[in-house]
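What follows is a set of notes on a single structure, which appears directly below.
Remember, it's a predicted structure, so these values are computed and weren't measured experimentally. When a ligand or atom number is given, it counts from 1 through the structure's own listing order. Just so you know, residue 1 is the first one in the sequence shown, and it goes up from there.
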Amino acid sequence: MDALPLAAAKPAIPPAFFGERVTWVHHWTDKQFSFRCTRDPALRFVAGQFAMIGLMVDGKPLVRAYSMVSPPWDEELEFLSIKVQNGPLTSRLQHIKAGDTVLIGKKPTGTLLIENLLPGKTLWMVSTGTGLAPFMSLIREPEVYERYEHVVLMHGVREVKELAYHDYIGNDLPAHEFLGEMLQGKLLYYPTVTREAFPTQGRVTTLLESGKACADLGLPPLSPEHDRVMLCGSEAMNADVKALLEARGFTEGSNSEPGTYVVEKAFVTK
Ligand SMILES: Cc1cc2nc3c(=O)[nH]c(=O)nc-3n(C[C@H](O)[C@H](O)[C@H](O)COP(=O)(O)OP(=O)(O)OC[C@H]3O[C@@H](n4cnc5c(N)ncnc54)[C@H](O)[C@@H]3O)c2cc1C
């Protein structure tokens, strides 16, 4: 067979990445979408980590940090993505379709790991926007339910339609063949909306500060004695909740020393 002409040849995948095939794309809104892709069996990660992912553009990798939505036991990978109008990556990534190739970095990393937290009774996962992504992986990690009596998932958004995975978390997950029973009565989902009517309204920070979130969930006030917190949101939300936690005596954990809370940026504002 004749060799392909050079112009038609696909650019080689750089060695730091796996080239994976997109298998599913779902657009939640005009600002958010999710997609799944194949996963190289050699890719290892821990729930809560992120990897550099992206596309080949003009023969070069164009990549950004993305948290894995899928749990480590899933044979595929799933991601939740923003669509930034003029964003170098997402102005392109939002147009991917099944069969396209995406780049997946070979070295996932991050601080939102259960190993980075000291033992406790309740694990709070506090997110805004796409900051939900790492917690989608963690709420499907059986070890989380072995370590904690309660696992709270807070997700703050502006509009109801931005509550990605809302039906999955509320309906599908409790009925899940393997996980359903394990998370019954343990996983407490607490979505909140700031700009529309919804059963829970208001900013995540306000709901934590006022004690309303704890009261609504029937949990005692936030304390480093029994609570552990993972934060993933905008820099402003992270800073506000971090200040609130530190005022109550929480200490930040890291990959070198566990603490009573850990934090990761959901994105960087330039
Ligand atoms: C540790 C880490 C994990 C991340 N995980 C995810 C993830 O799981 N899903 C995801 O969509 N993004 C995630 N991001 C952000 C992501 O890396 C990119 O910034 C995003 O994909 C946009 O890329 P871009 O090239 O189109 O625009 P960029 O030039 O990267 O960003 C342009 C601007 O868009 C805004 N922006 C970027 N990302 C977001 C976002 N997620 N939500 C709201 N505004 C945003 C910021 O103001 C930013 O300055 C993560 C970032 C970090 C640091």
Side-chain angles (χ1 to χ4, degrees), residues 16-17 20 22 24-37 39 43 45-58 60-72 74 76-96 100 102-105 107-113 116 125-140 153 155-159 161-165 168 193-195 203-204 230-239 242 252-255 261-270:
F17 301 94
E20 300 294 354
V22 175
W24 172 88
V25 183
H26 175 75
H27 291 269
W28 303 99
T29 66
D30 58 350
K31 296 203 184 74
Q32 275 183 29
F33 70 107
S34 288
F35 68 93
R36 288 176 71 83
C37 65
R39 169 182 175 181
L43 181 78
F45 69 94
V46 178
Q49 284 186 322
F50 67 88
M52 300 306 291
I53 75 155
L55 298 168
M56 289 301 286
V57 175
D58 298 332
K60 291 189 217 124
L62 173 59
V63 292
R64 293 285 186 269
Y66 270 81
S67 298
M68 256 76 70
V69 159
S70 44
D74 195 330
E76 288 195 334
L77 295 171
E78 185 164 335
F79 300 94
L80 167 64
S81 180
I82 193 79
K83 303 177 195 177
V84 182
Q85 199 66 21
N86 300 312
L89 178 64
T90 58
S91 59
R92 297 171 166 96
L93 194 68
Q94 63 182 282
H95 300 296
I96 53 166
D100 288 350
V102 285
L103 300 176
I104 306 292
K107 292 194 174 158
T109 182
T111 52
L112 299 177
L113 313 180
N116 291 352
M125 299 176 181
V126 181
S127 63
T128 51
T130 61
L132 174 72
F135 302 143
M136 286 306 300
S137 184
L138 279 154
I139 61 168
R140 289 177 285 179
L153 175 58
H155 187 209
V157 295
R158 291 175 185 170
E159 296 171 23
K161 65 180 181 190
E162 293 173 315
L163 286 173
Y165 297 103
Y168 176 81
V193 175
T194 52
R195 294 195 186 165
R203 293 172 61 227
V204 157
M230 290 183 164
L231 291 179
C232 191
S234 65
E235 284 166 284
M237 188 286 261
N238 284 357
K242 201 172 151 152
E252 185 170 353
S254 67
N255 290 346
Y261 82 93
V262 283
V263 58
E264 194 103 81
K265 293 182 192 93
F267 61 92
V268 178
T269 311
K270 287 162 201 156

Could you list each nitrogen or oxygen of ligand 1 that sits under 3.5 Å from a protein nitrogen or oxygen, with the atom names and the distance?
from: ligand 1; atom 1: 5 (N); to: A65; atom 2: O; distance (Å): 3.4
from: ligand 1; atom 1: 5 (N); to: S67; atom 2: N; distance (Å): 3.3
from: ligand 1; atom 1: 8 (O); to: S67; atom 2: N; distance (Å): 3.1
from: ligand 1; atom 1: 9 (N); to: L80; atom 2: O; distance (Å): 2.8
from: ligand 1; atom 1: 11 (O); to: I82; atom 2: N; distance (Å): 2.8
from: ligand 1; atom 1: 14 (N); to: A65; atom 2: O; distance (Å): 3.2
from: ligand 1; atom 1: 14 (N); to: A266; atom 2: O; distance (Å): 3.0
from: ligand 1; atom 1: 17 (O); to: A65; atom 2: N; distance (Å): 3.3
from: ligand 1; atom 1: 17 (O); to: A65; atom 2: O; distance (Å): 2.7
from: ligand 1; atom 1: 21 (O); to: Y66; atom 2: OH; distance (Å): 2.7
from: ligand 1; atom 1: 25 (O); to: R64; atom 2: NE; distance (Å): 2.9
from: ligand 1; atom 1: 25 (O); to: R64; atom 2: NH2; distance (Å): 3.1
from: ligand 1; atom 1: 25 (O); to: P88; atom 2: N; distance (Å): 3.4
from: ligand 1; atom 1: 25 (O); to: L89; atom 2: N; distance (Å): 2.8
from: ligand 1; atom 1: 26 (O); to: L89; atom 2: N; distance (Å): 3.4
from: ligand 1; atom 1: 26 (O); to: T90; atom 2: N; distance (Å): 2.8
from: ligand 1; atom 1: 26 (O); to: T90; atom 2: OG1; distance (Å): 2.6
from: ligand 1; atom 1: 29 (O); to: K270; atom 2: NZ; distance (Å): 2.7
from: ligand 1; atom 1: 30 (O); to: R64; atom 2: NE; distance (Å): 2.9
from: ligand 1; atom 1: 30 (O); to: K270; atom 2: NZ; distance (Å): 3.0
from: ligand 1; atom 1: 41 (N); to: T130; atom 2: OG1; distance (Å): 2.8
from: ligand 1; atom 1: 49 (O); to: V268; atom 2: O; distance (Å): 3.2
from: ligand 1; atom 1: 49 (O); to: K270; atom 2: N; distance (Å): 3.0

Next item on the list: Return yes if some donor-acceptor pair links the side-chain N/O of Q32 with the main-chain N/O of T29 below 3.5 Å, else return no.
Entry: no
Checklist line | Side-chain (E235) to main-chain (V268) donor-acceptor, under 3.5 angstrom | finding: no
Notebook entry, point to check: Looking at CG of L112 and CZ of F50, how far apart are the two atoms once the value is rounded to the nearest 0.5 Å?
Noted result: 9.0 Å
Note to self: Rounded at 0.5 Å granularity, tell me how far NZ in K107 sits from CG in L43.
What the structure shows: 12.5 Å
Notebook entry, point to check: Salt bridge between E76 and R36, side-chain N to carboxylate O under 4.0 Å?
Noted result: yes
Margin query: Once ring pair (Phe, Tyr, Trp, His ring centres under 6.0 Å) is applied, do any residues pair with Y165, and if so which ones, sequence neighbours excluded?
Written below: W28
